[in-house]
Amino acid sequence: MSQPGLTIALAGNPNAGKTSLFNALTGARQHVGNYPGVTVEKKEGEVRHQGQVVRVVDLPGTYSLTAYSLEELVARNYVIGERPDVVVDVVDAANLERNLYLAVQFMELGAPLVIALNMMDVAEARGMKIDVAKLSQLLGVPVVPTVARTGKGMEELMAAAVEVARAQRPWRPLVISYGSDVDEGLKELTSLLEGKEVRHGLLDARWLALKCLEADQEVLEKLQSDPHLAQRLLPVCRRVADHVRQTMDDEPESVIADYRYGFISAIARQAITWEREVRMDFSDKVDRVLTNRLIGPLFLVGVLYAVYQFVFWASEGPVAGLEAGFGWLGEAVTGLMPEGALRSLLVDGVIGGVGGVLVFVPLIMFMFFAIAIMEDSGYMARVAYLMDRVLRAFGLHGNSVISLIVGGGISGGCAVPGIMATRTLKDPQARLATMLVVPFMNCGAKMPVFGLLIAAFFADKKPEVMFGLTLFAWALALIAARILRSTLLKGEQAPFVMELPPYRTPTLKGLLIHMWERTWQYLKKAGTMLLSVSIVMWALMSFPGLPEERASHYEQALAQAESEQAKTELKNQQASEELAGSLAGRIGQAVSLITAPLGFEWRTNVALLGGLAAKEVIVSTLGTAYSLGKTEGEEGAASLAERLKEEPGWNALNALSLMVFVLIYSPCLATLVVMRRETGSWRWPAFSVVYTTAVAYLMALIVHQGGRLLGLGG
Amino acid sequence: MPEISMRQLQAGQNATVVKITTAGELGRRLRDMGLVPGTPLVVIGRAPLKDPVEIKLRGYNLTLRNNEADHIVVRVEDNQ
């Protein structure tokens with residue numbers, strides 16, 4: 001920062017309303033990125049306070065500041081390394097003691113702190129009365145009551161934060177007692193650390209000593225940079241630990257945590273008065289019903305079905321509108337430009353390719369809206385709770401279900417945000433396994449392929465086939481996860497231990513922001529990836545073009561054609577012949593020996609090749625390959641379906657085999673890129689391409705050959 | 001009152017944490033969530049397949065698996 005503007009770091013437990021507060025403070029002025037080198041999301045925003053611009057950095061939500069998880073490490077290192085002018089810790093007033101555990105750790109560190117005592121309304125509703133002045137006095141930091149959902153207290157919070165930030169006082173670590181044994185050890189370690197270079201002149205010696213006794217991996221590693229010092233420190237740590245184990249039958253880190261909670265409980269007792277104690281609140285009563293042995297699973301299925309219905313109902317109109325819009329645009333460009341390669345590139349490549357994807361945006365948006373409702377209301381955590389036992393049997397985690405649903409578990413999601421949602425999984429092996437099976441889900445891009453083939457060959461059994469494919473996708477994902485977890489991704493399971501936040505009515509603003517964040521990820525994929533891929537695919541399918549004599553043959557025939565219909569037919573024939581001679585067509589023909597046992601023609605192979613880039617390409621490529629100029633819109637799809645029905649190389653069995661193949665085979669390019677970003681290497685994406693395509697081949701082979709043995713398909 | 005592991009608690013039963021018998025990642029996580037000796041809790045219920053378990057402590061709800069609850073020694077309190 002060149003400008004001496006102030007920086008506020010926003011910290012807090014998950015579910016404490018930190019996101020709401022960040023949104024209430026910064027509004028739409030947000031910027032989302034990553035912390036350097038790690039896949040932890042970093043949000044930044046700006047607030048205008050008394051004419052001054054204040055930067056707000058949203059730290060990841062954490063319960064603690066140990067080096068236990070990546071989020072905790074990122075939050076801690078940001079505060080230590082970047083030295084924000086003030087840390088605002090968002091604390092859930094209704095859940096004060098556990099939330100103060102994080103606050104106390106910031107105080108131990110010594111960072112300038114302001115506490116936003118959030119959800120005061122919920123606390124009051126529970127019969128809690130918090131003496132804010134008393135709490136502030138006992139903790140020794142400013143405490144500001146807020147209700148982030150309604151924006152209450154934001155002005156006061158900013159005023160308090162800016163005042164602390166402007167004061168620029170030196171860091172003043174909180175000194176509390178952790179019992180005589182630990183305190184003695186701390187004193188000894190502190191004297192060894194005092195004035196040592198390894199502190200970088202920044203960190204408090206007692207804090208470092210405390211971390212040594214807590215066996216904090218990161219701090220211990222840092223101290224190794226001074227081997228001489230480490231040699232003197234470690235024996236003391238060991239001695240204190242042994243002593244604590246003998247006298248208290250416990251680890252020093254446990255004793256330290258217990259004393260922290262002791263400190264917090266003493267303060268809570270003085271600052272909170274209970275007007276009445278609610279043993280079972282509204283949320284618990286709802287949980288009784290929604291996680292009931294019988295009602296719970298039924299309700300879950302009902303919710304998923306309702307989401308599915310809602311998304312398709314709500315997006316029908318906008319999708320049709322966009323289709324019409326892109327159709328109009330294509331025609332307009334056709335009318336404005338002379339015939340030739342450039343027009344073909346613009347109309348077929350750019351508008352057709354990118355437009356074909358953008359028409360899905362409403363569908364995806366409504367799906368993400370529905371998912372945001374599930375998350376913001378607190379129900380998603382219950383889904384994880386209900387599903388954990390089942391998913392664990394397959395080596396996954398209760399939270400994997402969120403990724404699978406976002407990825408298309410109830411049809412119409414997208415694997416890109418699905419894979420990004422695996423960030424909530426703390427267990428690295430379970431996370432990788434989830435990432436590798438999310439692409440099996442029925443994402444929004446596979447839907448039009450299924451829609452087309454079902455319309456052509458299973459028109460009377462549409463819901464059954466769709467539902468069957470969804471079930472098949474889940475079965476496959478779970479079995480694959482099980483196999484991965486017992487071969488490549490062996491390992492102990494990480495703790496499940498998870499908070500179940502109280503049920504809340506989501507705010508529209510929150511829902512819209514969450515919906516938009518995910519939709520934006522999808523749009524970025526469409527913008528950056530699909531444009532280039534559409535152009536490459538167009539080139540593969542257009543070049544080298546027809547030999548001179550064939551081209552002139554068509555030219556003559558066209559000139560002689562009498563009716564408009566005859567002309568269209570000729571043009572379609574020409575397009576089809578062009579495709580056969582193109583690079584993509586040649587590849588399709590070259591591999592047709594391999595795909596023949598699956599019942600695929602070379603034209604299907606071309607479409608599948610296009611689908612490697614993005615599944616959306618499959619339908620439009622089939623359209624061109626079967627010499628249909630237009631495939632977009634209701635009419636186009638219907639006519640392509642009619643066409644396929646008449647083709648000699650097609651029957652219901654081939655269609656089923658193709659649907660199975662499309663469901664399983666290689667993730668699209670965008671998914672692979674995200675996978676690469678999230679895992680840090682191309683190893684897993686490469687593995688993903690190979691294993692999914694192998695499984696797809698095997699499954700389609702079983703379907704097609706099995707079907708033939710049963711005498712189906714003919 | 002008897003000291004048992006948390007796995008053995010029934011829905012609706014009140015108890016107080018006596019000891020956490022695991023160190024490392026799980027132990028630290030349990031403490032971060034406020035499960036330290038002396039903490040009162042009540043079992044809200046269990047998921048349909050009897051695992052994981054949902055408990056209420058310090059005014060909030062927490063869920064953990066049975067094999068994690070094994071490491072938490074509790075003292076059963078009188079039920080009113």
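Given the structure is predicted, the values throughout are model-derived calculations rather than measurements. The chains referred to below are lettered A, B, ... by the order of the sequence lines, with proteins before strands, and numbering in each begins at 1.
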Q. Which one, A:Thr66, A:Thr291, A:Asn13, A:Leu102, leads in non-hydrogen pairs under 4.5 Å with chain B?
A. A:Thr66
Q: Counting only heavy atoms closer than 4.5 Å, note whether A:Asn95 contacts chain B via side chain, backbone, both or neither.
A: both
(Q) On a heavy-atom basis, which atom in A:Ser265 and which in B:Arg58 lie closest, and how many Å separate them? (A) OG-NH1, 4.0 Å
Q: May I ask you to test the A:Met498-B:Leu64 pair for a side-chain heavy-atom distance under 4.5 Å?
A: no
(Q) Which one wins on heavy-atom pair count under 4.5 Å against chain A: B:Thr39, B:Thr21, B:Leu26? (A) B:Leu26
Q | Steps toward salt bridge (Lys or Arg N to Asp or Glu O under 4.0 Å) verdict (A:Arg98, B:Asp32) | A | CA-CA 8 Å; A:Arg98 198 207 65 211; B:Asp32 287 350; over 6 Å; no
Q) Do B:Met33 and A:Tyr101 come close enough that some side-chain heavy atom pair is under 4.5 Å? A) no
Q) If you take all heavy atoms of B:Arg31 and A:Ala257, which pair is closest and at what distance? A) CD-CB, 3.5 Å
**Q.** Closest approach of A:Asp284 to B:Lys56 (non-hydrogen atoms, all atoms of both residues)
**A.** OD2-NZ, 3.0 Å
Q: Can you tell which part of A:Asp249 gets under 4.5 Å to a heavy atom of chain B, answering side chain, backbone, both or neither?
A: both
**Q.** Derivation of the side chain to side chain contact (heavy atoms under 4.5 Å, CB included) call for A:Leu500 and B:Leu62
**A.** CA-CA 5 Å; A:Leu500 290 172; B:Leu62 183 75; over 6 Å; no
Q. Under 3.5 Å, is there a donor-acceptor pair between the side chain of A:Glu97 and the main chain of B:Gly34?
A. no
Q | Intermediate values then yes/no, side chain to side chain contact (heavy atoms under 4.5 Å, CB included), B:Lys19 and A:Asp250 | A | CA-CA 9 Å; B:Lys19 194 168 167 46; A:Asp250 224 335; 4.0 Å; yes
Q: Sort B:Val17 into side chain, backbone, both or neither according to what part of it lies under 4.5 angstrom from a heavy atom of chain A.
A: neither
Q. What pair of heavy atoms forms the shortest contact from B:Pro48 to A:Arg293, and how long is it?
A. O-NE, 3.6 Å
Q. Roughly how far, to the nearest 0.5 Å, is OG of A:Ser69 from CZ of B:Arg29?
A. 7.5 Å
**Q.** Side chain to side chain, A:Ser254 and B:Ile20, heavy atoms closer than 4.5 Å
**A.** no
Q: List the atom of A:Arg126, the atom of B:Gly59, and the distance in Å for their closest heavy-atom pair.
A: NH1-O, 2.8 Å
Q: Identify which part of A:Glu72 has an atom lying under 4.5 Å from any heavy atom of chain B, answering side chain, backbone, both or neither.
A: side chain
Q) Under 4.5 Å between any side-chain heavy atoms of A:Arg392 and B:Asn67, yes or no? A) yes
Q | Gap separating the CG atom of A:Asn15 from the CG atom of B:Asn61, nearest 0.5 angstrom | A | 11.0 Å
Q: Go through the atoms of A:Tyr261 and report whether side chain, backbone, both or neither lie under 4.5 Å from a heavy atom of chain B.
A: side chain
Q: Check whether B:Glu68 gets within reach of chain A through its side chain, its backbone, both or neither, counting any heavy atom under 4.5 Å.
A: side chain
Q) Could you give the distance from CG (B:Leu49) to CG (A:Asp388), rounded to the nearest 0.5 Å? A) 10.0 Å
Q | Closest non-hydrogen atom pair between B:Gly45 and A:Tyr385, with its separation | A | O-OH, 3.4 Å
Q) Are any side-chain N or O atoms of A:Arg389 and backbone N or O atoms of B:Arg65, one a donor and one an acceptor, separated by less than 3.5 Å? A) no
Q: Could you tell me whether the side chain of B:Tyr60 and the main chain of A:Glu499 form a donor-acceptor pair under 3.5 Å?
A: no
Q: Counting only heavy atoms closer than 4.5 Å, note whether A:Arg288 contacts chain B via side chain, backbone, both or neither.
A: side chain
